[in-house]
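Chain letters run A, B, ... following the sequence lines, proteins first, then strands; residues in each count from 1.
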Amino acid sequence: MKDFTKKVIETISEIPPGRVASYGQIASIAGNPRAARQVGRILHSMSAKHSLPWHRVVNAKGEVVHFKADRQRELLIKEGVEIDVHGRIKMEQFRWMGPADEDWIRG
DNA sequence: GAACTGACTTGAT
DNA sequence: AATCAAGCCAGTT
């Protein structure tokens with residue numbers, strides 16, 4: 001396993017409930033801002049092995065896209081994440097800025 | 001180990 | 001807003 005993979009796992013583990021992050025955001029924090037696709041790939045492969053909150057990871061548009069999307073939207077709503085009628089998360093409000101994002105939503 | 005795949009992203013039309 | 005095209009790189013075959 002590469003360091004990048006481990007970093008991605010750690011980063012995703014850092015995502016607090018009620019917040020979401022995009023694949024590109026995770027990739028950037030993990031050190032490879034261009035490796036957005038790999039984040040998805042890593043989740044697909046590693047989430048079951050690392051119990052990662054992969055449901056808090058969405059694409060840049062704030063949409064959950066995979067085969068379990070409908071199931072996870074419910075989980076996100078339960079955590080307090082609001083989703084538009086179009087199925088899009090309000091990234092403006094719920095996007096996680098990274099491990100240093102202690103400030104929560106500012107106004 | 002080369003080719004193929006894909007839980008993505010950005011820019012242009 | 002929706003569609004098309006190119007870039008990126010780890011994992012699988």
Side-chain angles (χ1 to χ4, degrees):
Chain A
M1 180 188 299
K2 299 218 166 196
D3 291 337
F4 173 71
T5 303
K6 294 174 66 176
K7 194 62 182 296
V8 168
I9 293 168
E10 292 180 16
T11 303
I12 293 171
S13 297
E14 290 292 311
I15 302 175
R19 302 300 293 273
V20 297
S22 69
Y23 296 91
Q25 192 71 54
I26 299 291
S28 181
I29 294 167
N32 290 350
R34 304 300 178 192
R37 305 198 69 150
Q38 285 55 271
V39 175
R41 178 155 288 284
I42 289 165
L43 262 56
H44 181 65
S45 181
M46 303 295 181
S47 61
K49 300 180 181 181
H50 295 266
S51 301
L52 296 176
W54 62 272
H55 59 276
R56 297 186 190 131
V57 183
V58 298
N59 65 19
K61 295 175 296 189
E63 299 175 302
V64 185
V65 287
H66 52 72
F67 60 103
K68 295 174 64 177
D70 295 307
R71 193 84 201 98
Q72 302 320 9
R73 284 208 298 269
E74 295 298 323
L75 292 174
L76 291 172
I77 291 169
K78 284 175 176 287
E79 292 187 354
V81 177
E82 296 179 32
I83 302 177
D84 291 340
V85 293
H86 298 291
R88 289 195 301 140
I89 296 168
K90 298 178 181 177
M91 296 301 280
E92 304 274 330
Q93 184 174 352
F94 294 101
R95 185 170 54 169
W96 180 60
M97 299 299 181
D101 181 22
E102 308 171 5
D103 211 51
W104 267 89
I105 305 160
R106 45 201 167 292

Over all atoms of both residues, closest heavy-atom pair of [X] and [Y]:
| X | Y | value |
| --- | --- | --- |
| A:Phe94 | A:Arg19 | O-NE, 3.3 Å |
| A:Lys7 | A:Ile29 | NZ-O, 3.7 Å |
| A:Ala27 | A:Ala35 | CB-C, 3.6 Å |

Subject >> Under the side-chain contact (heavy atoms from CB on, under 4.5 Å) test, residues paired with A:Leu75 that sit two or more places apart >> reply: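 With neighbours one apart ignored, the set is A:His55, A:Gln72.
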Original post:
Taking only residues two or more places apart in sequence or in another chain, which ones pass side-chain contact (heavy atoms from CB on, under 4.5 Å) with A:Arg41?
Top reply: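 A:Arg41 satisfies side-chain contact (heavy atoms from CB on, under 4.5 Å) with no residue once adjacent residues are dropped.
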Might you list the N or O atoms of the protein lying below 3.5 Å from N or O atoms in nucleotides 10-13 of chain B, with each pair's distance?
none

Check whether any side-chain N or O of [X] sits under 3.5 Å from a backbone N or O of [Y] as a donor-acceptor pair, and report yes or no.
| X | Y | answer |
| --- | --- | --- |
| A:Asp84 | A:Gly87 | no |
| A:Arg95 | A:Ala21 | no |
| A:Arg73 | A:Ile83 | no |

Nearest-Å distance, [atom1] ([X]) to [atom2] ([N])?
| X | N | atom1 | atom2 | result |
| --- | --- | --- | --- | --- |
| A:Ile29 | B:dC8 | CD1 | C1' | 15 Å |
| A:Leu75 | B:dA7 | CG | C1' | 15 Å |
| A:Ile26 | B:dT9 | CD1 | P | 11 Å |

Original post:
Who are the salt bridge (charged side-chain N to carboxylate O under 4.0 Å, His left out) partners of A:Lys6, not counting sequence neighbours?
Top reply: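 A:Lys6: no salt bridge (charged side-chain N to carboxylate O under 4.0 Å, His left out) contacts found.
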**OP:** Let me see the working for A:Ile9 and A:Met46 under side-chain contact (heavy atoms from CB on, under 4.5 Å), right down to the final yes or no.
**Re:** CA-CA 8 Å; A:Ile9 293 168; A:Met46 303 295 181; 4.3 Å; yes
Subject >> Leading and trailing nucleotides of DNA chain C with any atom under 4.0 Å from heavy atoms of chain A >> reply: C:dG7 to C:dT12
Please enumerate all protein N or O atoms sitting under 3.5 Å from an N or O of nucleotides 2-6 of chain B, with distances to 0.1 Å.
| unit_1 | atom_1 | unit_2 | atom_2 | d |
| --- | --- | --- | --- | --- |
| B:dG6 | O4' | A:Arg41 | NH2 | 3.1 |
| B:dG6 | N9 | A:Arg37 | NH2 | 3.2 |
| B:dG6 | N2 | A:Gln38 | OE1 | 2.8 |

